[in-house]
There are 2 protein chains.
Amino acid sequence: MSKKEALLKAAENKVRLGGYSNFSFRELACEVGIKSASVHYHFPTKADLGAELAHQYTDSFLAALGEPSELKANGKNPIDVYTQLFRRALVTDKKMCLCGLLGAESDSLPDKVRLEVKRFFNQNLTWLSAAHLANGEPNPAQAAIQTVSLLEGAMMISKTLDDNSYFELATQ
Amino acid sequence: MSKKEALLKAAENKVRLGGYSNFSFRELACEVGIKSASVHYHFPTKADLGAELAHQYTDSFLAALGEPSELKANGKNPIDVYTQLFRRALVTDKKMCLCGLLGAESDSLPDKVRLEVKRFFNQNLTWLSAAHLANGEPNPAQAAIQTVSLLEGAMMISKTLDDNSYFELATQ
DNA sequence: GCAAAATTATCGACCAGTAGGTAGTTATTT
DNA sequence: AAATAACTACCTACTGGTCGATAATTTTGC
């Protein structure tokens with residue numbers, strides 16, 4: 001893993017625990033074994049790092065999902081696959097969704113970071129609409145926003161109350 | 001309004017826009033017209049201020065709801081009343097739910113603040129369970145976590161995408 | 001094939017600004 | 001006399017960011 005990748009990974013862990021202000025260049029640098037000045041070589045500003053982090057998070061999230069039509073063709077319910085990805089983030093990583101946390105504080109985010117968080121949710125809603133459409137839902141757009149809202153909310157509350165059974169109850 | 005009340009009000013606005021780290025004693029002091037050292041007279045530490053803020057927020061939130069049984073007796077659907085309180089926070093205040101934001105970053109919060117955020121959600125779930133029970137729901141506890149999850153999530157996404165119609169679609 | 005030039009990735013030293021917090025003091029009110 | 005509510009001055013720690021320097025590597029021109 002390159003230093004740049006290591007910096008993004010370290011930043012992701014910090015942000016998913018406490019938001020955009022929960023990481024500093026010094027901390028990241030220390031964790032990957034370089035000096036804080038060197039971080040600016042890879043990311044000119046903190047906003048650049050945050051934006052690239054959210055961008056990559058979105059891409060790998062969507063990549064992990066696959067295409068709704070293909071899932072359906074393989075006999076899987078794409079909504080279950082989507083729910084499972086959230087469950088893994090909560091149970092395995094024991095962390096919030098990166099963009100769920102950044103979205104909550106989006107009013108105080110640098111423009112380029114906020115833009116990437118918007119991209120995450122727009123792409124998620126597009127994917128979920130296609131998924132619900134494939135499932136024969138009468139109103140796919142409404143089902144899409146309801147699905148992602150429920151999952152982000154249930155994740156946040158389960159984290160807060162430190163009890164994953166709330167997530168299970170909400171998604172059951 | 002006393003200085004202490006003014007400080008809490010100013011802090012609430014900041015936190016609901018960008019989380020716990022989005023306010024400083026200096027900023028608050030400046031906004032209410034005192035010096036930052038004087039803020040420590042009212043709140044010994046930042047954690048004390050944050051905890052008292054979340055506590056009062058919870059109390060006034062619950063007070064604004066009233067009792068589910070009374071609402072029901074007055075011909076109102078308590079779930080609609082609950083939804084309306086979230087809608088007002090989003091549309092009128094144009095801000096996130098204080099504890100929704102703090103909950104997302106609860107892993108990085110001081111203990112006494114996190115405790116107050118937990119109290120908010122525990123009390124909300126109790127209220128909602130009673131409300132759904134009064135509505136004759138077969139599984140009030142499940143309906144409760146689903147209701148608050150959907151509302152917190154829809155609020156966050158509407159804020160992020162800067163479009164309240166997502167909240168309306170999700171709650172319709 | 002090789003020297004010159006450019007690029008990559010790091011460093012130490014430093015900057016101005018801000019953070020939360022403390023100590024001791026001064027008025028005002030009870 | 002005591003409690004309240006503010007003040008000035010200061011502390012240490014940390015923030016994102018800049019500067020010029022330094023090797024190591026890669027690319028380019030002859």
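It should be emphasised that the depicted structure is a prediction, and the values quoted were computed from it without experimental measurement. Naming convention: chains lettered A, B, ... in sequence-line order (proteins, then strands); numbering from 1 in each chain.
With hydrogens and angles disregarded, a donor-acceptor distance shorter than 3.5 Å links the side chain of N22(A) to the backbone of K14(A). With K3(B) contributing its side chain and V32(B) its backbone, the two residues share a donor-acceptor pair below 3.5 Å. Without hydrogens or angle criteria, K72(B) side chain to E67(B) main chain gives no donor-acceptor distance under 3.5 Å. No side-chain donor-acceptor contact under 3.5 Å links Y82(A) to the backbone of N77(A).
Contacts between residues 2-14 of chain A and DNA chain D, defined by a heavy-atom separation below 4.0 Å, involve no residue at all. Applying a 4.0 Å cut-off to non-hydrogen atoms, the residues of residues 36-49 of chain B that approach DNA chain C are A37(B), H40(B), T45(B), K46(B), listed by residue number. Near DNA chain C, meaning a heavy atom under 4.0 Å from it, residues 16-31 of chain B has F23(B), S24(B), F25(B), R26(B) in order of number.
Taking 4.0 Å as the cutoff to heavy atoms of chain A, we find the contact window on DNA chain D bounded by dT15(D) to dT18(D).
With respect to E52(B) and K4(B), a salt bridge is recorded, a charged nitrogen being found less than 4.0 Å from a carboxylate O. In this structure, E31(A) does not pair ionically with K9(A), as no charged nitrogen and carboxylate oxygen lie closer than 4.0 Å.
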Legend entry - Protein proximity profile, nucleotides 25-30 of chain C - base contact B, sugar-phosphate-only contact S, no contact -, cut-off 4.0 Å on heavy atoms: ------

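One interatomic measurement links the two molecules: NZ of K35(A) to C1' of dC11(C), which rounds to 9 Å at whole-angstrom precision.
Note on residues 88-106 of chain B: pairs passing salt bridge (charged side-chain N to carboxylate O under 4.0 Å, His left out), not counting sequence neighbours, are R16(B)-D93(B).
In this model, no donor atom of one side chain and acceptor atom of the other lie less than 3.5 Å apart for T83(B) and D80(B).
In this structure, S21(A) and Y20(B) have side chains that are not in contact, with every pair of non-hydrogen atoms separated by 4.5 Å or more.
Between F25(A) and H40(A), the ring planes are tilted. Angles from 30° to 60° get that label.
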